[in-house]
There are 2 protein chains.
Amino acid sequence: MGIEEIGEQIKQRRDILHIQQKDLAELSGVSLRTIIQIESGLANPSINTLQKLAQVVGMQIQLVIKNK
Amino acid sequence: MGIEEIGEQIKQRRDILHIQQKDLAELSGVSLRTIIQIESGLANPSINTLQKLAQVVGMQIQLVIKNK
DNA sequence: ACCCATAGTGCAATATATTGCATATTTAAC
DNA sequence: GTTAAATATGCAATATATTGCACTATGGGT
């Protein structure tokens, strides 16, 4: 699960819910600028920031054991 | 999944594997100082940092859809 | 073509994560 | 109780995430 992948997942989920980046920014409290960077895979967000976004789009962060 | 919970999970997993904080620091490239802070729930790590630790203890970050 | 909304970029400023060092505390073993 | 290893803390320095502003680019509709 790389940084690009995480950004991509947020973006996909946001698209499914028909939420715009601007709205996600307002709903999450994370700046539009940062959201763009995260979705583009250019950012290395903190857990807090990622959680704010995840919550708005109905997701959550998990730390799971790798089976391989 | 809060920050305290994440730190706790890393710590638990590290204990199971009998890895010391110092060794986790060397293996992951994350400073001992930072590891202590994360495990104590005092830090808000970046995805990169968390991934470095997770990998050493055989875990991975996932972004999953909340079913509730 | 033109408008308009949405998404993305460059750059500088600010907030915050990460680090090292010295020191303290806990824990375990003897 | 003493020692030593492991874990934790205060503080300052550095690296980096986050932000705002102005601007550019992209895409859809008329």
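Here is the naming used below: chain letters follow the sequence lines, and residue numbers restart at 1 for every chain.
- Remark: B:Ser31 OG to B:Lys22 NZ distance equals 14.5 Å, nearest 0.5 Å.
- Contacts between residues 28-50 of chain A and DNA chain C, defined by a heavy-atom separation under 4.0 Å, are made by A:Arg33, A:Ile36, A:Leu42.
- Per the geometry, CZ belonging to B:Arg14 stands 12 Å off C1' belonging to D:dA8, to the nearest Å.
- We find the CD1-CG distance between A:Ile38 and A:Leu50 to be 6.5 Å, quoted to the nearest 0.5 Å.
- Using a 4.5 Å heavy-atom cutoff, the side chains of B:Val64 and A:Val64 are not in contact.
- Around the CD atom of B:Gln55, the shell of radius 6.0 Å holds no more than 12 heavy atoms that belong to other residues, nucleotides or ligands.
- To the nearest 0.5 Å, atoms CD1 (A:Ile19) and CZ (A:Arg13) are separated by 8.5 Å.
- Here the side chains of B:Val30 and B:Val56 are not in contact, with every heavy-atom distance at 4.5 Å or above.
- Taking CD of A:Gln62 as the reference point, atom NZ of B:Lys66 lies at 11.0 Å (rounded to 0.5 Å).
- Annotation: the span from B:Asp15 atom CG to B:Gln20 atom CD amounts to 10.5 Å, rounded to 0.5 Å.
- The interatomic distance linking B:Lys52 (NZ) with D:dT16 (C1') rounds to 11 Å, in whole Å.
- Contacts between residues 16-23 of chain A and DNA chain C, defined by a heavy-atom separation under 4.0 Å, are made by A:Gln20, A:Gln21.
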